[in-house]
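A note on names: the letters A, B, ... follow the listed sequences, proteins ahead of strands, and every chain is numbered from 1. Values reported hereafter were calculated over all heavy atoms of this structure, with side chains retained and with hydrogens, waters and symmetry mates removed.
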There are 2 protein chains.
Amino acid sequence: ARPKVGYVYSSKGETAFKHKPIKEIKVAEIKSKPTVVPEDMSIYDSIIQLFINDTGTLFVENKGYLTGAVSRKDFLKITLGNTDIHKVPIGIIMTRMPNIITISDEDSAFEAAKRIIEHEIDSIPVVEKVRTEDGKEYCKITGKVSKTTITKLFLELARD
Amino acid sequence: ARPKVGYVYSSKGETAFKHKPIKEIKVAEIKSKPTVVPEDMSIYDSIIQLFINDTGTLFVENKGYLTGAVSRKDFLKITLGNTDIHKVPIGIIMTRMPNIITISDEDSAFEAAKRIIEHEIDSIPVVEKVRTEDGKEYCKITGKVSKTTITKLFLELARD
């Protein structure tokens with residue numbers, strides 16, 4: 001079966017960190033495109049998306065809101081087990097909100113790196129918090145910051 | 001079957017980068033312990049080592065010399081296929097020398113980050129080159145620099 005295509009969000013990227021103290025660099029300036037898939041996509045098709053987008057973590061959405069995340073490590077664990085990856089949807093195996101560490105545009109790149117290291121994750125979703133009419137708080141994903149993002153930022157800083 | 005235990009190398013870690021220009025930080029100061037397995041370990045046992053050591057890349061040795069590397073992404077691809085992971089040794093599926101990008105103690109952390117990004121790898125082995133009596137050059141692995149290493153270094157630099 002031909003895999004469904006995952007959808008991604010655009011982001012603005014800037015590289016002018018030359019004369020800025022490291023701590024003042026914001027998440028909004030460095031975030032990159034997350035790969036997002038729907039909860040009902042099969043594990044197998046999700047892994048295909050992981051490869052097509054050459055990324056380490058998939059973010060999962062339902063009705064436009066972030067509901068979960070799955071890492072390459074999670075997928076490797078699943079493929080070793082007895083799960084039928086062609087039938088089971090990713091929504092079943094993902095780490096589900098509110099157990100996902102997030103970050104906002106206005107936070108610093110330093111804070112993003114800190115959360116990545118402290119929580120031992122490869123990638124942190126950048127979110128905008130939205131309160132719906134029923135009073136519940138949801139997250140819209142607008143980007144991600146990964147160890148790759150931070151490594152590229154380190155290169156920019158060292159290049160000066 | 002109980003998995004064989006992978007062996008690791010010790011490394012010195014320093015954190016005094018406060019008053020040093022970024023480009024002067026050397027690989028020797030930041031490298032961490034690599035997880036190394038022998039070529040004849042099965043793919044399955046190797047994946048167990050990946051999880052036990054909570055690492056993203058395994059390095060492979062034969063007779064004390066670096067002969068290969070396998071990433072979490074490589075393993076995920078293999079587990080999706082028809083390979084008998086309990087029988088096939090890691091030496092069959094690894095990326096083999098000389099197709100492995102390496103770095104040395106005296107190189108800069110900047111250069112390590114640059115090679116990681118340019119070659120799209122998660123981790124680069126730190127090696128010492130040795131010429132044997134038969135005139136061939138081999139690499140002894142003494143550490144690794146990963147995107148995690150660089151992210152931690154970024155944190156140290158930003159903390160000042």
Side-chain angles (χ1 to χ4, degrees), chain A residues 17 20-25 30 43-48 50-51 53-58 70-81 83 85-86 108-124 145-160, chain B residues 17 20-25 30 43-48 50-51 53-58 70-81 83 85-86 108-124 145-160:
Chain A
F17 306 116
K20 208 171 193 175
I22 296 185
K23 277 222 171 158
E24 287 178 19
I25 301 168
I30 61 161
I43 296 170
Y44 181 82
D45 285 349
S46 301
I47 296 175
I48 300 296
L50 198 80
F51 283 116
N53 293 284
D54 197 20
T55 188
T57 303
L58 287 186
V70 189
S71 71
R72 209 178 267 163
K73 188 174 162 183
D74 298 329
F75 280 125
L76 187 56
K77 239 178 241 173
I78 289 291
T79 59
L80 286 183
T83 309
I85 62 172
H86 291 276
S108 64
F110 171 78
E111 183 60 34
K114 198 160 161 273
R115 290 185 195 173
I116 286 172
I117 295 301
E118 281 177 358
H119 298 280
E120 298 183 352
I121 50 179
D122 283 327
S123 184
I124 188 167
V145 174
S146 67
K147 287 177 187 168
T148 307
T149 318
I150 301 295
T151 303
K152 284 180 180 168
L153 176 55
F154 171 81
L155 273 185
E156 289 294 327
L157 293 169
R159 244 177 210 131
D160 291 358
Chain B
F17 307 116
K20 208 170 192 177
I22 296 185
K23 279 221 171 158
E24 288 178 17
I25 301 167
I30 61 161
I43 296 170
Y44 181 82
D45 286 348
S46 302
I47 295 175
I48 299 297
L50 198 79
F51 282 116
N53 294 284
D54 198 20
T55 188
T57 303
L58 288 185
V70 188
S71 71
R72 211 178 264 163
K73 187 174 163 185
D74 297 330
F75 280 124
L76 188 56
K77 236 178 243 171
I78 289 290
T79 59
L80 287 182
T83 309
I85 61 171
H86 291 276
S108 65
F110 171 78
E111 184 60 33
K114 195 160 164 272
R115 290 186 195 172
I116 286 171
I117 295 300
E118 282 178 357
H119 298 280
E120 298 183 355
I121 51 179
D122 284 325
S123 184
I124 188 168
V145 174
S146 67
K147 287 176 186 168
T148 307
T149 318
I150 300 294
T151 303
K152 285 181 179 168
L153 175 57
F154 171 81
L155 274 185
E156 289 292 328
L157 294 169
R159 242 176 211 132
D160 293 358

Q.
I'd like to verify something: which residue of A:T149, A:I47, A:I116 has the highest number of heavy-atom pairs under 4.5 Å with chain B?
A.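 Looking at each option in turn, the highest pair count goes to A:I47.
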- request: Carefully, step by step, assess A:R72 and B:F75 under the rule side chain to side chain contact (heavy atoms under 4.5 Å, CB included).
  value: CA-CA 10 Å; A:R72 209 178 267 163; B:F75 280 124; over 6 Å; no
Would you compute the distance between atom [atom1] of [X] and atom [atom2] of [Y] and round it to the nearest 0.5 angstrom?
X      : Y      : atom1 : atom2 : value
B:L153 : A:I150 : CG    : CD1   : 11.5 Å
B:L80  : A:T79  : CG    : OG1   : 6.0 Å
A:K77  : B:L50  : NZ    : CG    : 10.5 Å

(message) Check this for me: does any side-chain nitrogen of one of B:K147 and A:D122 sit under 4.0 Å from a carboxylate oxygen of the other?
(response)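 Between A:D122 and B:K147 there is no salt bridge, as every charged N stays at least 4.0 Å from the carboxylate O atoms.
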Checking heavy atoms, do the side chain of A:L76, its backbone, both or neither come under 4.5 Å from chain B?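 Contact with chain B involves both backbone and side-chain atoms of A:L76.
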task = Verify side chain to side chain contact (heavy atoms under 4.5 Å, CB included) between A:F51 and B:K73, making sure each step is shown before the conclusion.
result = CA-CA 9 Å; A:F51 283 116; B:K73 187 174 163 185; 3.5 Å; yes
query: Side chain, backbone, both or neither: which part of B:L155 has a non-hydrogen atom closer than 4.5 Å to chain A?
result: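 For B:L155, backbone and side chain are both near chain A.
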Tell me, out of B:S146, B:A109, B:A158, who's got the most heavy-atom pairs with chain A below 4.5 Å.
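That would be B:A158.
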